[in-house]
There are 2 protein chains.
Amino acid sequence: MGNSVLSSEERILEAAKKVFHHKGFDGARMQEIADEAGVNKSLVHYYYRNKDNIFQAVFEDAFSKLISRLNEIFFSELPFSAKIETFIDYYVTFLSQNAYLPLFILNGLYEKPDQIRKIMGKNQLSPDRLMDQIRKQVKEEMNIDINPMHIYINVLALSIFPVIAKPLIQTIFGFSNEQLLRFFEERKTSVPEFILNALTSHEKNTSR
Amino acid sequence: MGNSVLSSEERILEAAKKVFHHKGFDGARMQEIADEAGVNKSLVHYYYRNKDNIFQAVFEDAFSKLISRLNEIFFSELPFSAKIETFIDYYVTFLSQNAYLPLFILNGLYEKPDQIRKIMGKNQLSPDRLMDQIRKQVKEEMNIDINPMHIYINVLALSIFPVIAKPLIQTIFGFSNEQLLRFFEERKTSVPEFILNALTSHEKNTSR
DNA sequence: AGTACTTTTGACCACCTGGTTAAACCAAAT
DNA sequence: ATTTGGTTTAACCAGGTGGTCAAAAGTACT
C-alpha cells in the first residue's frame, strides 16, 4: 500500500473519488476514504472540512472530465460525420474505462441540484452556439432540417446509456465480460452508422 | 394524512416505494418510511423483517413495472415500425410520470447484483426469441441486416436516457419545466422518425 | 536547542441507524 | 367476560456516523 509520490491531500482526493464513484454520497464513509488513502480520518476533515465539501470536489472533477472532451470534439472544425465518429469512438472507450462516472454524475445532479450552476459556469457549455453549429452542419452536409437538440441528446443517449445499463445488458443477453467488451467494440462502428443513417434524407421527412 | 382504504402493510409498501425511489437504498431511512406510512417504525419491521427485504419488494415492483409493457409491445403482432412508434409513445409518457424509476433500477442493479437473476426469472425476458423476431422483422420490412441487439439497446437508450438526464438537459438548455415537457412531447415523434430512418436502407450497408 | 508553523494522530462525542422486545391494543370466537 | 390471535406501539440498544479537539510529530528557520 506504499503510496508513491502523491501528497496526503492528493491521496485523499483520489481515495474519495474511488469511494464516492462506487458508493455514492450516502453510501460513502469518511472512514473508508481515510483508510483508502492510508491516513487518519481527522486528516480528511483537515483538508476538506466536511463530507459535502469533498463530495463537491469529486463531483466537479468527474463532471468536467466527462464534458470537456465532449465540447472539444463538437466545437472542432471537423465535418459532422467525422465528429460523430470521433465522438463515439472516444466516448465508448473512455466510458468503458470509467463506467461508474455517468451514473455517479446523474445521481449527483439529482441529489445536489443547487451546485450544478456553479459547475456549469466553470465548464462553459454555451449550448446556443453549439446548437446553431449542429443545425447548420446537418443542413449543409445531410440536407435535412431537424431540431439539433434532439440530435445532441440522441448522440449522448446512444453513447452513455449502454455504459450505465451494463449490468442490465449483461443479464438480459447473458453476456460474459469478454462478450460485453466485444459488444461495446461493435458499437464504435454500429452507432455512428446508425446516427448518420438516421440523419440522411432519402425522401422528404414525413409530414404530421 | 388520513390514508384511505389501504391496509397498513400496503401503506408501508407505498411509502417505501416513495422513499427508496427518491433517496436510494443508502439514503432511505426506516423511520422516514414509517412516518410516510403513518405508522410506528416497528410495524415496518413486523411486515418486512429488515431493510433489505423491503427494498427488494420495492425493487421487484419497479423492475416488473418497467419491463412488463416493454415485452408486451415487442412481442406483439404489430409491424416493426408500429412497434417502435407504440413503444416510444408509451414509454416517454410512462417515464415522464415515473421519472425516478429508471435511475432507481439502474442503481439497484449495481448495488445488488445478486438478486437480479431471481427477478429475471420471474419476468421472463427470453431475449433469444425477441432478438430473432427483431432481426426477422427488420430484414423483411426494412430490407436491412443488422445486429438486433444494437437496435434493441438503441431503442432503450433513446427512450430512457433523456428521462434520466432530465436535470442535465434542463441545465444545458436552460429549459423551464414547461419547455422540458414540450421537448419530451416532441421526442414522441422525432425519436421514432430517427430510429426508423436509421433502419431504412438507401444504399447497401457498408461492408466490414 | 529553541521557536513557530503546518501536518498528522488518537481519543472523544452527540446523534443517528437498523433492529429487538415486551407489553398494550383490538377484534372475533368461545 | 375471557381467551386467542393478529396488530401496533413505546422503550430500548449496540454499533456506526460525521465531526471536534487538543496533543503529538514533523519541518524549517534562527
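Letters go in sequence order (proteins before strands), and every chain restarts at 1.
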Student: Between atom CD1 of Ile33(A) and atom CD of Glu14(A), what is the distance when rounded to the nearest 0.5 Å?
Tutor: 12.0 Å
Student: Mind calculating the distance between CG (Leu43(B)) and C1' (dT7(D)) to the nearest angstrom?
Tutor: 7 Å
Student: Using a heavy-atom distance cut-off of less than 4.0 Å, which residues of residues 13-27 of chain B contact DNA chain C?
Tutor: none
Student: His21(B) vs Tyr100(B) aromatic rings, parallel, tilted or perpendicular, using cut-offs 30° and 60°?
Tutor: parallel
Student: So Phe55(A) and Phe104(A), ring pair (Phe, Tyr, Trp, His ring centres under 6.0 Å) or not? Walk me through it.
Tutor: CA-CA 11 Å; Phe55(A) 179 81; Phe104(A) 168 74; 5.6 Å; yes
Student: Rounded to the nearest 0.5 Å, what separation is found between the CG atom of Asp145(A) and the NZ atom of Lys139(A)?
Tutor: 4.5 Å
Student: Which residues within residues 28-35 of chain A lie with some heavy atom under 4.0 Å of an atom in DNA chain D?
Tutor: Ala28(A), Arg29(A), Met30(A)
Student: For Ile151(B), which of Leu156(B), Ile84(B), Ile146(B), Ile144(B) qualifies under side chain to side chain contact (heavy atoms under 4.5 Å, CB included)?
Tutor: Ile146(B)
Student: What N/O pairs connect the protein and nucleotides 20-22 of chain D at under 3.5 Å? Give each pair on its own line.
Tutor:
| residue | atom | partner | partner atom | Å |
| --- | --- | --- | --- | --- |
| dT20(D) | O4 | Ser42(A) | OG | 3.1 |
| dC21(D) | N4 | Ser42(A) | OG | 3.4 |

Student: Kindly compute the distance separating CE (Met149(B)) from CD (Gln179(A)), expressed to the nearest 0.5 Å.
Tutor: 8.0 Å
Student: Of the listed nucleotides (dT7(D), dT8(C), dG18(D)), which one gets closest to any side-chain atom of Tyr47(B)?
Tutor: dT7(D)
Student: Ile12(A) CD1 to dT7(C) C1': how many Å, rounded?
Tutor: 10 Å
Student: Expressed in angstrom and rounded to an integer, what is the separation of Tyr48(B) atom OH from dG19(C) atom P?
Tutor: 15 Å
Student: Answer yes or no on whether Lys51(A) is positioned over the face of Phe25(A), meaning its NZ or CZ is under 6.0 Å from the six-membered ring centre and within 45° of the axis.
Tutor: yes
Student: So Asn147(B) and His150(B), side chain to side chain contact (heavy atoms under 4.5 Å, CB included) or not? Walk me through it.
Tutor: CA-CA 6 Å; Asn147(B) 184 341; His150(B) 288 296; 3.6 Å; yes
Student: Rounded to whole Å, please give me the gap between OH in Tyr46(A) and C1' in dA23(D).
Tutor: 14 Å
